[in-house]
Amino acid sequence: MLDFLGNLKRTHYCGHLRSKDAGHDAIVMGWVAKRRDLGNMLFLDIRDRSGIVQVVFNKETQPEAHAKAEEARGEFVVAVEGKVVQRQKPNPEIGTGEIEIIAGRLHILNNAKTTPFPIEDEITAAEETRLRYRYLDLRRNKPHRNIVLRHKIVLEIRKAMDEMGFVEVETPMLTRSTPEGARDYLVPSRVHHGQFYALPQSPQIFKQILMIGGLDRYFQIVKCFRDEDLRADRQPEFTQLDLEMSFPRQEDIFNVIETVMVRACGVAGVTATAPFPHMLYKDAIRKYGSDKPDLRFGMELHEVTDCFPEEARQKLQIEGSVFAFGAPGAANYSRKQLDELTEKAKSAGARGAYFVKLAPEGTTSTVEKLVGPENVKKLAESAGAKPGDLVVAVSAKQQIKGTEAAALVAGQLRLQLGDALGLIDRTQWKFLWITGFPLFEWSESDQQWVSAQHPFTGIVDEDLEKLETAPWEVRSKGYDLVLNGSELGSGSIRIHRQDIQERLFKALGLSDEQVRRRFSFFLDALTYGTPPHGGIALGIDRIAMLLGGEKSLREVVAFPKTARAQDLMAESPSEVDTIQEEELEILGAFSRLHPQNWALTEICDRLTSSVDHNLLNKVLPVDTHFQQAMSLIISKSRDDARAVIRLSKAGYGLQAAGLSRSVVESAINSLYIALNPEVNGDAYLKSIRESNKVLAKRFKPHASTEEMKEVIRNAEAIDEQSGWPKMLRQRVQALPQPMYLYDVSYLMLSQLLHGDIAAVAGKVEEDQSGKYKIQIGPTNKWVPQALATCFIGFHQIATVAYDAFGLNKTQLEEFGQQFKDFTKALDQSLL
Ligand code: ASP
């Protein structure tokens with residue numbers, strides 16, 4: 001039987017009881033952390049937020065309480081009334097170790113199932129289990145401590161910001177896209193079909209607008225959302241300290257942040273001293289091979305390119321520069337250790353790694369034969385190495401425009417070796433400002449210059465004129481704050497003039513139309529007297545993680561997501577009800593699509609995007625009937641194919657299969673045209689006009705305006721025989737090879753429509769009386785059939801179209817082969 005809380009009132013938190021409380025009555029409430037039954041004496045450790053206290057139940061003096069305690073089990077929720085007494089044998093391990101409570105009464109307020117892992121400081125449970133039962137995990141001391149620390153940090157930040165005259169303003173969560181370089185999380189609008197809100201990647205535009213609105217000093221502790229590819233140490237939703245101020249010099253912003261950070265460190269018991277040092281971006285790269293250098297240890301990099309003469313460069317295939325550093329005391333590294341370092345260097349992007357050992361028995365080098373003893377000596381000197389050191393030099397495999405690729409690789413090795421050699425002083429807190437960033441960075445995937453930060457970052461005044469002519473030389477007014485090798489956040493003095501902001505969007509390759517669609521409200525706002533302004537945002541989760549001495553953000557977020565962006569406890573993301581999907585007019589997806597189906601959609605995706613790239617995005621000649629006919633067919637069937645793929649990805653195999661039939665028909669038309677391209681192409685075009693004539697007849701009675709009547713008169717005047725065989729079967733029969741596609745698609749459709757009811761409509765079961773029953777419901781069958789048909793059909797259309805426009809078919813042929821190989825290997829039960 002469970003007891004009621006009734007009027008019982010707690011007098012003390014468990015963990016707060018001390019010697020001074022001895023002799024007093026106490027009522028504590030919490031969970032049973034441990035139970036030890038010694039017969040006449042029974043001990044319960046009771047845990048609450050503050051810690052643990054030991055309670056003693058004595059069978060002789062308090063038989064009733066003792067009997068009840070025998071029922072109590074781990075994680076039961078209890079209230080204890082008793083007297084605090086000094087312990088005979090204090091336990092120095094716990095804060096309350098000098099006292100214990102002699103129980104007078106025990107109330108069992110709730111019971112608990114056996115927990116999937118023990119609620120203890122050190123546990124071995126998999127992180128997945130901990131996240132699934134996060135409420136149990138949170139009862140542990142460490143997560144608790146982290147969450148309280150985080151609270152204290154945030155509270156201190158708020159106090160500091162308020163004292164410096166900043167006003168906290170909330171900005172919308174349902175908004176439009178804010179470019180911070182990630183994908184948006186979108187929220188479909190129920191009221192405005194086809195329109196979406198985006199969750200903010202940051203409040204960037206809003207905080208700038210607050211400056212235009214005269215707020216002068218804004219801050220916010222705010223959630224931001226970024227849909228990025230899997231990366232360790234990222235959460236799809238995270239918290240920023242976001243701020244913005246009007247008329248600032250860079251140092252004003254630095255002062256604010258330094259004050260805030262020193263105070264935040266203070267509440268975590270960490271001493272930080274301001275001002276923080278500054279470093280130029282290019283120096284950070286050249287000296288540390290990183291834009292977020294860890295200054296807790298030395299091992300600076302040095303350029304040693306000139307220690308590698310031309311001949312050696314050719315032999316070693318070195319392009320670009322070579323960077324090196326000395327690893328203190330590592331001259332005794334074994335051959336195996338050097339091989340491992342080389343492997344590590346290669347996976348970090350090195351062309352090669354070259355070593356010099358400054359051992360007591362003499363200097364040796366892996367490149368001595370190639371560069372000569374003089375250069376080996378020079379290399380060691382340039383790298384600043386001392387006797388006993390190992391010099392590590394690297395060149396990069398790929399040169400990256402606008403940066404030192406070799407330095408970046410060397411920087412990663414520096415971190416690895418610094419750690420391995422135990423050089424990182426973990427008691428130090430090294431803050432650093434990085435300035436002088438380039439405004440743009442080169443994007444290999446987009447093959448163009450993109451914003452290194454976001455497109456509102458200010459431009460160094462004297463570099464403005466190079467914006468259009470030499471974008472790679474333009475420096476930004478951006479800055480980053482770094483702590484112990486982690487980036488805490490970044491900010492900038494902004495562009496506050498509309499004309500410059502527009503020029504920047506152009507330099508980023510945005511068309512007038514794109515700028516108008518995405519940013520016109522902001523550009524407009526800039527024209528109404530925008531003060532010079534600037535700001536920064538720092539990652540609160542990361543600050544809490546570092547100050548809490550944790551290695552993962554998940555340790556300082558109450559309900560974190562996994563690297564696959566899932567909340568294992570709440571089981572989100574999740575499917576939604578059909579009703580909700582329909583209100584939103586979105587296409588909900590069946591969640592469990594077979595992995596082979598995903599592979600098939602990928603092959604189809606590759607085919608359509610290659611056709612988009614090679615044919616549909618080009619300006620093409622339409623000189624011949626063949627070309628005209630094929631341009632119509634390919635553009636229609638491209639959209640059909642995309643729709644088949646989209647429906648398939650969502651699991652709507654039945655609907656996709658229906659639509660793939662239309663791709664098949666276009667394929668048959670293409671093959672028929674290819675039999676005699678000019679004549680049949682012409683016939684195809686005429687047949688469209690012919691069907692217009694038929695349509696015109698039907699519409700005639702409805703034509704109300706002069707324009708409509710004119711269209712109908714023109715259509716009726718069409719007076720040509722197309723020669724296009726009316727029936728699909730006729731076109732098929734004209735083709736030389738057996739029309740596999742035609743047969744398949746009809747077979748499929750007729751099966752779908754007339755065949756196995758279960759396949760189409762749902763699950764059929766025989767009940768006890770031998771009668772059949774059907775459960776009608778959504779089904780995600782027929783996906784692979786739809787995709788395979790769509791692939792084969794669209795591939796044939798593309799082949800004919802490429803012929804019509806004289807395009808190279810090598811890639812198409814490769815896709816065809818890949819598809820064949822894939823379907824051969826495919827689990828036949830799927831098809
Ligand atoms: N909005 C930027 C970010 O989230 C920070 C800033 O420029 O203030 O990184």
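Reckoned from all heavy atoms, side chains included, excluding hydrogens, waters and symmetry mates. Just follow the structure's listing: the first ligand is 1, and inside any ligand the first atom is 1. Note that the coordinates shown come from a computational prediction; the quantities given were computed from them, not determined experimentally.
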Exercise: do Thr601 and Arg646 side chains pair donor with acceptor under 3.5 Å: no
Assess Arg176 against Phe519: is NZ or CZ under 6.0 Å from the centre of the six-membered ring, and within 45 degrees of the ring's axis? no
Taking the six-membered ring for Trp, are the ring centroids of Phe440 and Trp472 within less than 6.0 Å of each other? no
Answer yes or no: is there an ion pair linking Lys477 with Asp461, defined by an N-O contact shorter than 4.0 Å? yes
In chain-and-number order, ligand 1 lies under 4.0 Å from a heavy atom of each of Glu180, Ser202, Gln204, Lys207, Arg226, Gln240, Gln453, His454, Ser490, Gly491, Arg494, Gly535, Ile536, Ala537
Of all pairs that satisfy salt bridge (Lys or Arg N to Asp or Glu O under 4.0 Å), the ones with a partner from residues 199-211, not counting sequence neighbours: Lys207-Asp242, Lys207-Glu244
Side chain to side chain contact (heavy atoms under 4.5 Å, CB included) for Lys223 and Glu237? Distances and angles first, verdict last. CA-CA 6 Å; Lys223 272 284 174 82; Glu237 54 178 304; 2.9 Å; yes
